S.K.: 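Let me begin by handing over the structure; questions about it come next.
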Amino acid sequence: MARLQPVRGTHDILGDKSLRFRTIFEIFKSVAERYSHQEIDTPIFEFTETFKRTLGETSDVVNKEMYTFEDRGGEQVTLRPEYTAGIARAFMSNGLQQSMPCKFYSFGPIFRYERPQKGRMRQFHQMDVEIIGVPEAQADIEVLAIASDLLDALGIGQHITLELNSLGDPQSRAGYRDALVKYFGGYKNKLSEDSLKRLEKNPMRILDSKDEGDRLLIADAPRIAEYYNQDTKDFFAKVIDGIEAIGIEYQINDRLVRGLDYYCHTAFEFTTDQLGAQGTVLAGGRYDGLMEMMGGPKTAGVGWAAGMERLAELVSEDLISKPKRPVIVAPVGADAQVPAMKIAHDLRAAGLTVDMAYKGNVGKRMKRANKQNALFAVLIGEDEMGRGVAMVKNLDQGSQQEISLSELSTYILGSL
RNA sequence: GCGGGUGUAGCUCAGUUGGUUAGAGCGCCAGAUUGUGAUUCUGGAAGUCGCGGGUUCGAUCCCCGUCACUCGCCCCA
């Protein structure tokens with residue numbers, strides 16, 4: 001068995017899990033399309049530079065979580081650790097500045113080299129939404145509305161809280177950062193080891209610390225709202241007015257910061273207390289500076305990503321769409337094999353889901369039909385062949401009836 | 001990357017204070033039932049006790065290492 005294990009932190013998706021994923025994706029797709037978003041699929045790997053430059057040299061994602069390798073041509077490439085940078089690259093590669101605004105959605109695997117835990121794996125799946133080219137707050141509102149609609153459609157909205165913050169425009173953010181460095185710099189002897197590192201690299205992250213000593217200091221730390229300039233205040237107020245107008249509940253969390261460097265203004269997380277340490281189910285924000293960092297023209301953008309595996313843990317069983325119940329065709333005797341195949345073929349052509357009971361006596365084949373949760377079993381043997389009929393058994397009711405082959409599909413379709 | 005817990009059949013789990021043939025339920029296969037499923041009854045297959053090393057007359061059990069899973073930290077969806 002040892003050699004047959006999947007790579008650590010990766011999982012096969014089959015059976016019930018596969019149905020859950022598909023159901024959630026279908027719902028996501030229909031919600032996103034209702035907002036006039038279009039599907040985009042970008043490659044699952046990009047040049048390493050694409051991620052390195054945008055995520056920030058200090059981020060954990062870049063420093064220890066990327067799956068990076070050199071391909072046979074000597075290129076440094078990386079399995080995507082998030083969606084936004086790849087989509088931004090695609091936006092520029094395809095010259096879509098011509099067709100702004102662009103509204104995208106996407107779904108697929110994401111890779112991060114992390115220590116696996118429940119709700120955290122090395123290959124996992126995200127659903128992603130982006131609006132590129134709309135600097136106005138309407139885009140932030142719309143993107144939040146998609147998220148909220150999705151969670152409601154999945155029937156889990158009541159277990160999830162929207163936490164909202166504004167990181168401010170670059171000017172506000174820089175002012176706040178300085179204030180934090182000054183404040184925490186005065187308590188170097190009291191800060192936790194982790195937070196001392198954060199003070200150097202990314203002081204805003206100290207606000208996230210779970211260390212008890214840190215939390216005491218954080219309680220009296222400067223609040224970001226005190227450093228907002230007028231533009232930031234106006235922008236945030238518009239976002240809040242907008243989501244209030246459409247009835248989205250939220251909590252302001254001014255300790256909420258995002259891990260990736262390219263965020264500004266709106267930052268948000270939808271969190272739940274039902275998944276242990278991995279509470280974040282959907283998160284995102286505005287990233288107006290991203291395209292410039294990548295060497296393109298300044299272009300506004302806002303979006304989010306949601307973790308499929310985490311959502312799948314929360315969604316109720318009743319929501320999951322089940323596979324169609326099949327009709328099972330069971331030939332009796334070797335001579336019936338070919339006619340049975342023909343019958344199955346005709347029923348499929350009529351749009352029915354059909355499987356064959358391949359072997360065994362009639363009892364075995366019926367058992368097989370039952371195990372597959374079939375609606376009907378269609379028996380065809382010497383007797384029936386002679387008269388151009390098939391024996392059709394309704395497996396829910398236990399009743400059966402001879403039906404002429406020419407009326408078979410009509411009969412079954414009529415009894416559904 | 002750091003710390004704790006766990007690892008026995010396809011699945012869920014017993015068990016052995018170190019002792020000969022390691023058990024149960026579910027599932028699977030077969031038969032009772034060669035033209036009729038779900039129930040029932042009978043039988044069967046299936047385990048390098050995660051892997052490697054050590055201690056021992058003897059290890060699934062004790063020790064060390066390793067791998068995987070799991071919980072937490074870091075970080076994040």
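Everything numeric in this text was worked out from a predicted model, so none of it was measured. Computed over heavy atoms, backbone and side chain alike; hydrogens, waters and symmetry mates excluded. In what follows, chains are A, B, ... by sequence order, proteins preceding strands, each numbered from 1.
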S.K.: Which is true for A/Glu114 with a 4.0 Å heavy-atom rule: it touches a base, it touches only sugar-phosphate, or it touches nothing?
M.R.: base
S.K.: Taking any heavy-atom pair under 4.0 Å as a contact, classify A/Gly398: base, sugar-phosphate, or nothing.
M.R.: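 If one applies the 4.0 Å heavy-atom cut-off, A/Gly398 turns out to touch a base.
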S.K.: Is a salt bridge present between A/Lys322 and A/Glu317, judged by a nitrogen-to-oxygen distance below 4.0 Å?
M.R.: yes
S.K.: Please give the nucleotide sitting opposite B/U17 as a Watson-Crick or G-U wobble pair, both distances under 3.5 Å, or none.
M.R.: none
S.K.: Touch check for A/Leu282, heavy atoms < 4.0 angstrom, all strands: base, sugar-phosphate only, or nothing?
M.R.: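 Here A/Leu282 touches the backbone only, sparing every base.
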S.K.: When you measure from the side chain of A/Ala305, which nucleotide among B/A77, B/C29, B/C71 comes out closest?
M.R.: B/A77
S.K.: Whole Å only: how far is the CD atom of A/Gln397 from the P atom of B/A38?
M.R.: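 Rounded to whole Å, this separation is 18 Å.
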S.K.: Taking the C1' atom of each, how far is B/C76 from B/U56, in whole Å?
M.R.: 49 Å
S.K.: I'd like to know if A/Glu136 pairs up with A/Lys238 as an ion pair, taking the criterion as any Lys NZ or Arg NE/NH1/NH2 lying under 4.0 Å from an Asp or Glu carboxylate oxygen.
M.R.: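 No, A/Glu136 and A/Lys238 are not salt-bridged.
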S.K.: With sugar-phosphate meaning primed atoms plus P, OP1 and OP2, does A/Ala369 contact a base, only sugar-phosphate, or nothing at under 4.0 Å between heavy atoms?
M.R.: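 Answer is nothing: A/Ala369 stays at 4.0 Å or more from every strand.
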S.K.: Would you say the side-chain atoms of A/Tyr105 and A/Glu130 include a donor-acceptor pair closer than 3.5 Å?
M.R.: no
S.K.: Check every strand shown and say whether A/Lys367 touches a base, only sugar-phosphate, or nothing at a heavy-atom separation below 4.0 Å.
M.R.: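 The residue A/Lys367 makes sugar-phosphate contact but no base contact.
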S.K.: Give me the distance, rounded to whole Å, that separates B/U60 from B/A22 when you measure between the C1' atoms they each carry.
M.R.: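 Those two atoms are separated by 8 Å.
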S.K.: Could you tell me whether A/Asp178 and A/Lys182 have a side-chain N and a carboxylate O separated by less than 4.0 Å?
M.R.: no
S.K.: Just call it for A/Gln400: base, sugar-phosphate, or nothing, with non-hydrogen atoms closer than 4.0 Å on any strand.
M.R.: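 Base, at least one base atom sits under 4.0 Å.
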S.K.: Could you check A/Pro6 against A/Phe270 and say which one's nearest nucleotide on RNA chain B is further toward the 5' end?
M.R.: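 The answer here is A/Pro6.
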S.K.: In whole Å, measure the gap between the C1' atoms of B/G47 and B/C28 for me.
M.R.: 16 Å
S.K.: What nucleic acid atoms does A/Glu382 come within less than 4.0 Å of, heavy atoms only: base, sugar-phosphate, or nothing?
M.R.: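 The residue A/Glu382 makes base contact.
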S.K.: Could you tell me the Watson-Crick or G-U partner of B/G52, where both distances fall under 3.5 Å? Say none if there is no partner.
M.R.: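 WC or wobble partner is B/C64.
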S.K.: Taking the C1' atom in each of B/G37 and B/U21, what is the distance between them to the nearest angstrom?
M.R.: 39 Å
S.K.: Quote, to the nearest angstrom, the C1' distance that separates B/U8 from B/A14.
M.R.: 9 Å
S.K.: If I take atom CD in residue A/Gln372 and atom P in nucleotide B/C28, what distance separates them, rounded to the nearest angstrom?
M.R.: 13 Å
S.K.: Under the 3.5 Å rule, do the base of B/U36 and the side chain of A/Lys393 count as making a donor-acceptor pair?
M.R.: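 Indeed, a donor on one side and an acceptor on the other fall under 3.5 Å apart.
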S.K.: Rounding to the closest angstrom, what is the interatomic distance between B/U17 and B/C63 at atom P?
M.R.: 15 Å
S.K.: Have a look at A/Glu384 and say if it touches a base, only the backbone sugar-phosphate, or nothing, with a 4.0 Å heavy-atom cut-off.
M.R.: base
S.K.: Identify the nucleotide, in any strand shown, that forms a Watson-Crick or G-U wobble pair with B/C69, with both distances under 3.5 Å; if there is none, say none.
M.R.: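 Here B/C69 is engaged in a pair, and the nucleotide opposite it is B/G5.
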S.K.: Report the nucleotide, chosen from B/C76, B/G35, B/G72, that has the shortest atom-to-atom distance to any side-chain atom of A/Arg205.
M.R.: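 Selected nucleotide (nearest to the side chain): B/C76.
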S.K.: In whole angstrom, give the distance that lies between atom CE of A/Met366 and atom C1' of B/U34.
M.R.: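 Those two atoms, CE and C1', are 15 Å apart.
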S.K.: A/Leu395 has an atom CG; how far is it from atom C1' of B/G37, in whole Å?
M.R.: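 Atom-to-atom, A/Leu395 to B/G37, this comes out as 6 Å.
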S.K.: Using a strict threshold of under 4.0 Å (side-chain N to carboxylate O), is an ion pair present between A/Arg173 and A/Asp169?
M.R.: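 A/Arg173 and A/Asp169: not salt-bridged.
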S.K.: Take A/Pro116 and A/Glu309, find for each the nucleotide of RNA chain B with the closest heavy atom, and name the residue whose nucleotide sits nearer the 5' end.
M.R.: A/Pro116
S.K.: Using a heavy-atom cut-off of under 4.0 Å over every strand shown, decide if A/Gly279 touches base, sugar-phosphate, or nothing.
M.R.: nothing
S.K.: Would you call A/Arg325 and A/Asp355 a salt bridge, using N to O less than 4.0 angstrom?
M.R.: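 Between A/Asp355 and A/Arg325 there is no salt bridge, as every charged N stays at least 4.0 Å from the carboxylate O atoms.
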S.K.: Could you please name the option among B/C71, B/C69, B/C29 that lies closest to any side-chain atom of A/Arg8?
M.R.: B/C69
S.K.: Rounding to an integer number of angstrom, what distance separates B/C62 and B/U55 when you compare their C1' atoms?
M.R.: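 Pairwise C1' distance, B/C62 against B/U55, rounds to 8 Å.
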S.K.: Are the charged groups of A/Arg286 and A/Asp140 less than 4.0 angstrom apart, N to O?
M.R.: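 Answer for the salt bridge query: yes.
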S.K.: Side chain of A/Val362 only, heavy atoms from C-beta on: which candidate in B/C73, B/A77, B/G35 is closest?
M.R.: B/G35
S.K.: Report the nucleotide, chosen from B/C28, B/G3, B/C76, that has the shortest atom-to-atom distance to any side-chain atom of A/Arg112.
M.R.: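 My answer, after comparing the listed nucleotides, is B/C76.
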S.K.: Establish, with yes or no, whether the OP1 or OP2 oxygen of B/U34 is under 4.0 angstrom from a side-chain nitrogen or oxygen of A/Asn361.
M.R.: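 Checking A/Asn361 against B/U34: at least one side-chain N or O falls below 4.0 Å of OP1 or OP2.
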S.K.: From OH of A/Tyr263 over to P of B/C76, roughly how many Å is that when rounded to an integer?
M.R.: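 Value for this atom pair: 10 Å.
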S.K.: Pick the P atom in B/C64 and in B/U6, then give their distance to the nearest Å.
M.R.: 13 Å
S.K.: Below 3.5 Å, does any donor atom in the side chain of A/Arg115 face an acceptor in the base of B/G72, or the other way round?
M.R.: no
S.K.: How many Å lie between NZ on A/Lys118 and C1' on B/C76, as a whole number?
M.R.: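 Rounded to whole Å, this separation is 17 Å.
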S.K.: To the nearest Å, give me how far apart CG (A/Leu14) and C1' (B/G10) are.
M.R.: 13 Å
S.K.: To the nearest angstrom, how far is A/Arg368 atom CZ from B/A30 atom P?
M.R.: 11 Å
S.K.: Distance under 6.0 Å and angle within 45° of the ring axis: does A/Arg112 meet both against A/Phe124?
M.R.: no
S.K.: From C-beta outward on A/Lys364, which listed nucleotide comes closest to its side chain: B/C73, B/G31, B/G35?
M.R.: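 Looking only at side-chain atoms, A/Lys364 lies closest to B/G31.
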S.K.: Over all strands shown, is A/Met308 touching base, sugar-phosphate only, or nothing at heavy-atom distances under 4.0 angstrom?
M.R.: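 Nothing: the residue A/Met308, judged by heavy atoms under 4.0 Å, touches no strand.
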